[in-house]
Peer 1: 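Encoded as structure tokens, here's the structure I'll be asking about.
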Amino acid sequence: SNSCEAVVEMLSRIKSPLKFTEQQMLIDRDADDRDIDIDGFAVQQVCIYIMQDRSFSLPLRLARLCDYIWSDTGGFTPDTGEALNIMRLFTRRFAGRISIADYCGTAVRYYDTECARQRGSAVFEDAFPDWQVLFEHLLVNHMLYDEFPYSNGSDTRSAFTALAAAYAFLRYIAIAVCSLSPGTDTLTDLIAAMFRFIEHSRFESAAAALLGELNYAEPAKLKNLILI
């Protein structure tokens, strides 16, 4: 999974879209209660296709995935200030988690002004010009690993809400931390730490619940969050 630094390093070297092959396991395993059926697998493949359609920017692909999951094509009014306030609250809520505490602390101190975000975004994208390719791989690998969009039972909308939160949270933290230390090792360690939290805790349900509490778990708001 993305929580392993070696996996992140491997994904960073791959430039073409990820491909997956089916292989017979050499050992038996107990069935997972979340194992998806053929129809569910087909839906997952559509989701992955949307995420790998490079005729759109990565944020726009997430917005299109939002439309697909929610069966909604409504517009929205971008509000960067509102979205950043949500991410500030989001970061503070999870800042006590050991694996990401230092990164969250850095981000809380960094995001004092809108100017800081704009400057940080420019520094991040200059240091990592292929960041969208890497983040695409991270999200697609996470979607397969987590059996998206059935990773939250049958509630596919909550699963997308959690995916959008994971992307926004990762980008928000990465911009802050890598603006101060824009090295490849820094980004690799940060990504692995973030996914140790995202994939090996109750982040999914907690993130969806938190955005619900903040009235930010509906399509227009999620698109606003994705596009910051």
Side-chain angles (χ1 to χ4, degrees), residues 1-3 7-8 11 32-36 40-41 43-52 58-72 76 82-97 99-100 103-104 107 134-174 190-228:
S1 74
N2 298 333
S3 60
V7 171
V8 177
L11 292 177
D32 190 327
D33 290 340
R34 301 183 314 174
D35 279 352
I36 56 180
F41 182 73
V43 170
Q44 184 186 71
Q45 294 305 294
V46 172
C47 294
I48 289 175
Y49 172 80
I50 291 171
M51 289 305 304
Q52 293 183 322
L58 183 60
L60 287 180
R61 284 177 250 167
L62 278 160
R64 294 179 70 237
L65 182 59
C66 179
D67 291 341
Y68 175 71
I69 294 294
W70 287 73
S71 300
D72 178 274
F76 73 104
E82 181 182 66
L84 286 173
N85 283 334
I86 292 296
M87 290 314 303
R88 289 187 184 97
L89 294 171
F90 204 89
T91 300
R92 288 188 173 93
R93 175 67 66 91
F94 296 116
R97 303 305 177 96
S99 65
I100 59 172
Y103 295 127
C104 288
L134 174 58
F135 276 46
E136 170 197 312
H137 293 340
L138 293 169
L139 290 176
V140 168
N141 193 45
H142 174 63
M143 290 163 68
L144 191 77
Y145 177 85
D146 207 38
E147 297 185 344
F148 180 89
Y150 304 102
S151 43
N152 194 32
S154 60
D155 188 350
T156 58
R157 293 181 174 183
S158 290
F160 177 81
T161 301
L163 182 69
Y167 166 78
F169 194 29
L170 176 62
R171 177 167 161 78
Y172 183 82
I173 299 295
L190 181 152
I191 289 170
M194 293 291 288
F195 275 98
R196 278 194 289 274
F197 172 53
I198 291 168
E199 294 186 336
H200 304 291
S201 75
R202 297 181 61 83
F203 171 82
E204 183 171 284
S205 57
L210 176 56
L211 289 179
E213 291 173 15
L214 297 171
N215 296 315
Y216 231 76
E218 53 93 15
K221 298 294 187 181
L222 292 173
K223 291 177 189 177
N224 194 36
L225 196 66
I226 290 163
L227 296 174
I228 60 172

Peer 1: Does any non-hydrogen side-chain atom of Leu84 lie less than 4.5 Å from one of Tyr172?
Peer 2: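 In short, these two side chains touch, coming nearer than 4.5 Å.
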Peer 1: Nearest 0.5 angstrom please: Arg64 CZ to Asp67 CG, how far?
Peer 2: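 It comes to 8.5 Å.
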Peer 1: With sequence neighbours excluded, tell me which residues meet side chain to side chain contact (heavy atoms under 4.5 Å, CB included) with Pro219.
Peer 2: Cys66, Trp70, Asp72
Peer 1: Of all heavy-atom pairs between Ile173 and Cys104, which one has the smallest distance, and what is that distance?
Peer 2: CD1-CA, 4.2 Å
Peer 1: Could you work out, with side chain to side chain contact (heavy atoms under 4.5 Å, CB included) as the rule, every residue matching Ala220, not counting sequence neighbours?
Peer 2: Phe76, Glu218
Peer 1: Are any non-hydrogen side-chain atoms of Met143 and Ile48 less than 4.5 angstrom apart?
Peer 2: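 Yes - at least one pair of side-chain heavy atoms lies under 4.5 Å apart.
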Peer 1: Kindly compute the distance separating CG (Leu65) from OH (Tyr49), expressed to the nearest 0.5 Å.
Peer 2: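 Result: 13.5 Å between the selected atoms.
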Peer 1: Let me confirm one number: the CE-OG distance from Met194 to Ser3, rounded to the nearest 0.5 Å.
Peer 2: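 So the gap between those two atoms works out to 13.0 Å.
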Peer 1: Might you point out which heavy atoms bring Lys223 and Ala63 nearest each other, and give the distance in Å?
Peer 2: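 Heavy-atom minimum between the residues: CE-O, 4.0 Å.
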Peer 1: Using the test salt bridge (Lys or Arg N to Asp or Glu O under 4.0 Å), find all partners of Arg93 that sit at least two apart in sequence or belong to another chain.
Peer 2: Glu213
Peer 1: Give the intermediate values and the outcome of side-chain hydrogen bond (donor to acceptor under 3.5 Å, both in side chains) for residues Asn2 and Tyr145.
Peer 2: CA-CA 9 Å; Asn2 298 333; Tyr145 177 85; over 6 Å; no
Peer 1: Does any non-hydrogen side-chain atom of Asn141 lie less than 4.5 Å from one of Val7?
Peer 2: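 Counting from C-beta outward, Val7 and Asn141 do come under 4.5 Å.
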Peer 1: From Met51 CE over to His137 NE2, what is the distance, rounded to the nearest 0.5 angstrom?
Peer 2: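 Nearest 0.5 Å value for the CE-NE2 distance: 11.5 Å.
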Peer 1: What are the two closest non-hydrogen atoms of Ala193 and Ile100, and how far apart are they?
Peer 2: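 Between these two residues, the closest heavy atoms are O-CG2, 3.7 Å.
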Peer 1: Please assess Phe94 against Phe203 for the test ring-ring contact (aromatic ring centres under 6.0 Å, His included), listing each intermediate value before the final yes or no.
Peer 2: CA-CA 9 Å; Phe94 296 116; Phe203 171 82; 5.8 Å; yes
Peer 1: Looking only at non-hydrogen atoms, find the nearest pair between Tyr68 and Cys47 and report the distance.
Peer 2: CE2-SG, 3.8 Å
Peer 1: Can you check ring-ring contact (aromatic ring centres under 6.0 Å, His included) on His142 and Phe195, steps first, answer last?
Peer 2: CA-CA 9 Å; His142 174 63; Phe195 275 98; 5.7 Å; yes
Peer 1: On a heavy-atom basis, which atom in Ala174 and which in Leu190 lie closest, and how many Å separate them?
Peer 2: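 Scanning both residues, the minimum pair turns out to be CA-CD1, 3.9 Å.
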Peer 1: Leu62 and Phe160: which non-hydrogen atoms are nearest, and at how many Å?
Peer 2: O-CZ, 3.5 Å
Peer 1: How long is the gap from CG on Leu58 to CD1 on Ile226, to the nearest 0.5 Å?
Peer 2: 9.5 Å
Peer 1: Given 3.5 Å as the limit, does a donor-acceptor pair link the side chain of Asp146 with the main chain of Ser151, or not?
Peer 2: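 No, Asp146 side chain to Ser151 backbone: no donor-acceptor pair under 3.5 Å.
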Peer 1: Looking at CG of Leu214 and CG of Asn85, how far apart are the two atoms once the value is rounded to the nearest 0.5 Å?
Peer 2: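 So the gap between those two atoms works out to 10.5 Å.
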Peer 1: Quick one: are Leu211 and Ile86 in side-chain contact, heavy atoms under 4.5 Å?
Peer 2: yes
Peer 1: Classify the side-chain pair Tyr150/Gln44 by whether it contains a donor and acceptor separated by less than 3.5 Å.
Peer 2: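 No pair is found: no donor N or O on one side chain lies under 3.5 Å from an acceptor on the other.
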